[in-house]
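Notes to accompany the following structure.
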Amino acid sequence: MSIKKVTQHPTQNEALIFERSQTGRVGYRLPELDVEETPIEEIVPSEFLRDDDLEGLPEVSEVDVVRHFTRMSTWNFSIDLGMYPLGSCTMKYNSRLNEKVARIAGFLNHHPLAPEAESQGALKLMYTLQEDLAEITGLPGVSLQPAAGAHGEMTGVMIIRAALDKRDGEASKERRVMLVPDSAHGTNPASAKLAGFTVKTIRSTKDGFTDMDHLRELCDEGGIAGLMLTNPSTVGIFEKNIREICDAIHDAGGLVYMDGANMNALVGVARPGDMGVDVIHLNLHKTFSTPHGGGGPGCGPCCCTAELEPFLPVPRVVKEGESYRLDSDQPNTIGRVKAFFGNFGMMVRALAYIQTHGDSGLREATETAVLNARYISHFLQEDYEKPFEADPMHEVILSHKKQARKGVHTLDIGKRLIDYGFHPMTVYFPLIVDGAMLIEPTESVGRQELDTFVDAMKSIAKETIEDPDLVINAPHTTRIGRLDEATAARKPVLRWKPDMETSAKSA
Ligand SMILES: *Cc1c(COP(=O)(O)O)cnc(C)c1O
């Protein structure tokens, strides 16, 4: 047996788990059988049994596995490590308390098919969360089923479509235009299209607001089913004409959908239902304490007016007297959008978050999030172009306009930020700002860390003038420097084969 030499110092390139494999090595040992062995064919139907040999799986010990993945985890930036200023993501620190509550055995181990009589606690929790979200949004109909923001969007626009079909019958076919501002998250037009709508784009004004003249023009063209609006918008500005916008859409016979991914700027302060919005989704995994990144699971509840409530997905959690039950007897429902009742663990965290904060705590969190963004905006507006005049809400948008004259672009600034110990901000989104940098500190960053971030950004602005190459070639402190991202995207190497050049050798 040949012993392969593999790198294992934490700061060096880590060999793949396949390269660590030693024939015959195992991570566990079962006790001797003290009963007669049952042949596998008697347990698994033959059509499900594989008839080839399973080859190429890594053969490693438990300690090999633990150390391999622990080493790699130390290269990752995480919310537990420092400020994570990605805009439009609300990467806030999530209190351990909410994690602890989600791990209470009764919640954690409850089976989704357990009978209603034995699920009263879980149903009560879901019902209470629905009530709280209804109060926070000012929209009384709530479904917790959707598993992500984009999923909540799709649910919302499907509800709009079902409501219009019910209201207008055959004539509803003439009403298939969904208006979406040019600053919207890409998921908005995608959701509208999936629900069978044609998307028309509304321009933004140079101040970053929805262009009211263009909106009226599009409404006059007819066929309006609705509008999908993000507020505060993806440039972090509160849409001050929101009432007028909702009125214009309602006058045109349409309904208003609000993308609530930016609710961190509104919770406890302003309610979409009071602004004239008909339906909204929330991202529990942004605003309400579920950790996100890494692909989920998430939860994107859909909240709507009493008029739209009959169209919500089923089953619905309802309260009768002192008990709770699941109700699927809703003739106008759009149907089920997720297996079982959605991602229950997220709901536990969200309710723990809401109830530990209370009314005044939620409001304070929102105000702090906005204050933090304005603090950054205030101290960076001399060094970086601030494309819109308005005071930002929970996130601030800057651009590379000043730095681009020196050949330094948004990507370079983001990469250089890594050297200063910060995760880069959101880059090049939204598309309406050339070289956009969208920064969202959230309420979980203190004054000291805000100052360190501001200092880092100011220092990068200074480097851009004095030594632009330092920024253009960043990062300098990471294991691997600037990657060839175009090649990585065009020719991704996704599968390891035994005779491949190994990552350890090629680095
Ligand atoms: C994050 C986000 C979404 C999508 O949410 P997912 O949970 O990632 O599907 C939609 N709109 C906006 C504005 C967002 O920031």
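Only this structure's heavy atoms are used, side chains among them; waters, hydrogens and symmetry mates stay out. Computed from a prediction, not measured in an experiment: that's the story for all the values here. Whatever order the structure lists them in is the order used to number ligands and atoms, beginning at 1.
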Legend entry - Side chains of S399 and Y384, donor plus acceptor under 3.5 Å: no
Inset, instruction - Any pair with a residue in residues 187-232 that passes ring pair (Phe, Tyr, Trp, His ring centres under 6.0 Å), sequence neighbours left out, goes on the list, sorted by first then second residue, please. - result: none
Legend entry - Under the side chain to side chain donor-acceptor pair (under 3.5 Å) test, residues paired with D213 that sit two or more places apart: none
Dump all N/O pairs between ligand 1 and the protein below 3.5 Å as a table: atom names plus distance, one pair per row.
| from | atom 1 | to | atom 2 | distance (Å) |
| --- | --- | --- | --- | --- |
| ligand 1 | 5 (O) | N283 | ND2 | 3.1 |
| ligand 1 | 7 (O) | G149 | N | 2.7 |
| ligand 1 | 7 (O) | N283 | ND2 | 3.1 |
| ligand 1 | 7 (O) | H285 | NE2 | 2.6 |
| ligand 1 | 9 (O) | G149 | N | 3.3 |
| ligand 1 | 9 (O) | A150 | N | 2.8 |
| ligand 1 | 11 (N) | D259 | OD1 | 3.3 |
| ligand 1 | 11 (N) | D259 | OD2 | 2.6 |
| ligand 1 | 15 (O) | S88 | O | 2.8 |
| ligand 1 | 15 (O) | S88 | OG | 2.7 |
| ligand 1 | 15 (O) | K286 | NZ | 2.8 |

Inset, instruction - Return the orientation label for the F429 and H185 ring planes: parallel under 30°, perpendicular over 60°, tilted otherwise. - result: perpendicular
Legend entry - Side-chain H-bond candidate by donor/acceptor type, N264 with K286, under 3.5 Å: no
Legend entry - salt bridge (Lys or Arg N to Asp or Glu O under 4.0 Å) against K386, all qualifying residues, sequence neighbours excluded: none
